Amino acid sequence: MSALNVTIDPSIKGAWPEARLGCFIYTADVRAREDSLWTCLENEVAPYLKTMLETTPLAQIPNLAESRKAYKAFGKDPGRFRVSSESLYRRVRQGKALYQINSVVDANNLVSLETGFSLGSYDTARIGADIVFRLGKAGEVYPGIGKDDIALENMPLLADGEGAFGSPTSDSTRAMITQETRSCLTVVFSFSARSKLEEALALTVKRFGQYANPSHAESFIIE
């Protein structure tokens, strides 16, 4: 079993009992670009996304809708603090190209677009072994990737002994995936029914298997 110990704090479950985490732990050979992933996105996923985004309001997209409701339950305005899947959908709807980061992060974003869930991928060499999914505390912040400091009060987030490092909205620079990363944790942040998370985690394992070249992999659900 994994050396990571992942738990969910009662502050999360008390406000939103359906909160769960899908975890995928693996060793990866992170590449700058995986061409076959972008072919899949263009040929398989983009046509579906175009139709869905033309006919479905963002607030009604499956799994994204539940995430928005959960944020309200936590005391966060989902219109101001958007989950990352919504930010990706908005980018696609506006006709903007997706960011190309590396094979792991790009696979992360592909699964998010396919499922409506927010996903986060982390370099486990940069985080502690004990990880808790909790609500942010007053005054808590971290530098977001490509962003200024993000206010984390009442935000659902992942934290270790050093503090917060990831959230469904935006991750910190501390644990971000680079081409030097070898050991990875990908998290599916779920506020939906367990069956929906099971489907998304299975797709995560499939897509990362296709495009991120994982080895020594295991997946499990925390609830």
Side-chain angles (χ1 to χ4, degrees), residues 1-26 45 48-49 52 56-76 78 81-89 104 107-122 124 127 129-136 154-160 164-171 184-210 212 214 216-223:
M1 283 297 292
S2 166
L4 296 178
N5 175 41
V6 185
T7 58
I8 300 179
D9 189 81
S11 63
I12 294 274
K13 297 292 273 188
W16 196 262
E18 290 274 39
R20 298 177 181 86
L21 300 175
C23 298
F24 182 47
I25 300 174
Y26 53 99
V45 180
Y48 149 77
L49 285 178
M52 181 186 71
T56 310
L58 288 170
Q60 295 177 19
I61 292 176
N63 302 321
L64 170 55
E66 288 82 357
S67 297
R68 289 174 61 96
K69 291 173 185 175
Y71 265 50
K72 288 182 180 179
F74 299 141
K76 299 300 283 187
F81 296 92
R82 292 175 184 147
V83 294
S84 59
S85 56
E86 178 171 345
S87 297
L88 287 170
Y89 285 136
V104 167
N108 181 107
N109 291 341
L110 175 65
V111 175
S112 187
L113 285 168
E114 289 187 277
T115 65
F117 285 113
S118 293
L119 278 73
S121 291
Y122 310 100
T124 62
I127 57 178
D130 292 316
I131 298 168
V132 60
F133 188 42
R134 61 168 173 81
L135 295 181
N154 293 329
M155 179 89 75
L157 56 80
L158 296 172
D160 61 7
F165 64 84
S167 82
T169 291
S170 182
D171 294 320
C184 307
L185 165 66
T186 293
V187 174
V188 183
F189 294 99
S190 176
F191 304 102
S192 302
R194 182 184 170 103
S195 61
K196 299 295 186 182
L197 175 57
E198 289 172 348
E199 293 172 8
L201 186 57
L203 183 62
T204 300
V205 173
K206 175 184 175 181
R207 289 305 195 200
F208 277 69
Q210 290 172 309
H216 305 95
E218 63 172 312
S219 62
F220 51 91
I221 290 174
I222 302 294
E223 56 185 336

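This structure is a prediction, so every number in the text was calculated from the model and none was measured.
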Decide yes or no on side chain to side chain contact (heavy atoms under 4.5 Å, CB included) for T186 and T204, but give the supporting numbers first. CA-CA 9 Å; T186 293; T204 300; 4.2 Å; yes
Working for side chain to side chain contact (heavy atoms under 4.5 Å, CB included), residues L4 and L185: CA-CA 9 Å; L4 296 178; L185 165 66; 4.1 Å; yes
Could you please spell out the steps behind the side chain to side chain contact (heavy atoms under 4.5 Å, CB included) verdict for I25 and C184? CA-CA 6 Å; I25 300 174; C184 307; over 6 Å; no
Take V83 and L64 through the test side chain to side chain contact (heavy atoms under 4.5 Å, CB included) and record every step on the way to the result. CA-CA 8 Å; V83 294; L64 170 55; 3.3 Å; yes
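Within the 4.5 Å cutoff, the side chain of S67 has no heavy atoms near those of the P78 side chain. Proximity of L119 to V187: side-chain heavy atoms (C-beta onward) are nowhere separated by under 4.5 Å. Side-chain contact between L21 and I221 is absent, with no heavy-atom pair separated by less than 4.5 Å. Contact annotation: the side chain of S167 never approaches that of F133 to less than 4.5 Å [non-hydrogen atoms, C-beta and beyond]. By the 4.5 Å heavy-atom criterion applied to side chains, H216 and Y26 are not counted as neighbours.
Under the 3.5 Å distance criterion, with hydrogens and angles disregarded, a donor-acceptor pair is assigned to the side chains of T169 and Y71. With no hydrogens or angles considered, a side-chain donor-acceptor pair links N63 and S192 at under 3.5 Å. The closest side-chain donor-acceptor pair between S112 and S85, if any, does not fall under 3.5 angstrom.
R20 is linked by a salt bridge (charged side-chain N to carboxylate O under 4.0 Å, His left out) to E18, E223, counting only residues two or more places apart in sequence or in another chain. With sequence neighbours excluded, no residue forms a ring-ring contact (aromatic ring centres under 6.0 Å, His included) with Y89. E114 meets the salt bridge (charged side-chain N to carboxylate O under 4.0 Å, His left out) test with R207; sequence neighbours excluded.
Shown here for L135 and N154, the closest heavy-atom pair between the two residues is CD2-O, 3.7 Å. Between R82 and S87, the closest heavy-atom pair is CB-OG, 3.9 Å. In plain terms, the two heavy atoms of G120 and F189 that are nearest each other are N-CE1, 3.9 Å. Smallest separation of non-hydrogen atoms from A3 and A129: O-CB, 3.7 Å. The two residues A212 and V104 make their nearest non-hydrogen contact at CB-CG2, 4.2 Å. Looking at every heavy atom in both residues, L157 comes nearest to A159 through CD1-CB, 3.9 Å.
Between F165 and Y122, the angle of the ring planes goes over 60°, which puts this pair in the perpendicular group of the 30/60° scheme.
Rounding to the nearest 0.5 angstrom, the gap separating the CE atom in M155 from the OG atom in S170 is 8.0 Å. Atoms CG and CZ, from L201 and R194 in turn, are 9.5 Å apart once rounded to the nearest 0.5 Å. Separation of atoms OG1 (T7) and NZ (K13) is listed at 11.5 Å; rounding is to 0.5 Å. Put simply, CD1 on I8 and CD1 on I131 are 12.5 Å apart, with the number rounded to the nearest 0.5 Å.
Residue-environment remark: NZ (K206) stays at or below the threshold of 12 foreign heavy atoms within 6.0 Å.
Although no hydrogens or angles enter the test, the distance criterion places a donor-acceptor pair under 3.5 Å between the side chain of S118 and the main chain of S84. Using a distance-only test at 3.5 Å, with no hydrogens or angles considered, no donor-acceptor pair links the side chain of S190 to the main chain of L197. Using modelled atom types, one side-chain atom of W16 and one backbone atom of F191 make a donor-acceptor pair closer than 3.5 Å.
Residues F24 and F220 place their aromatic rings such that the two centres sit no closer than 6.0 Å.
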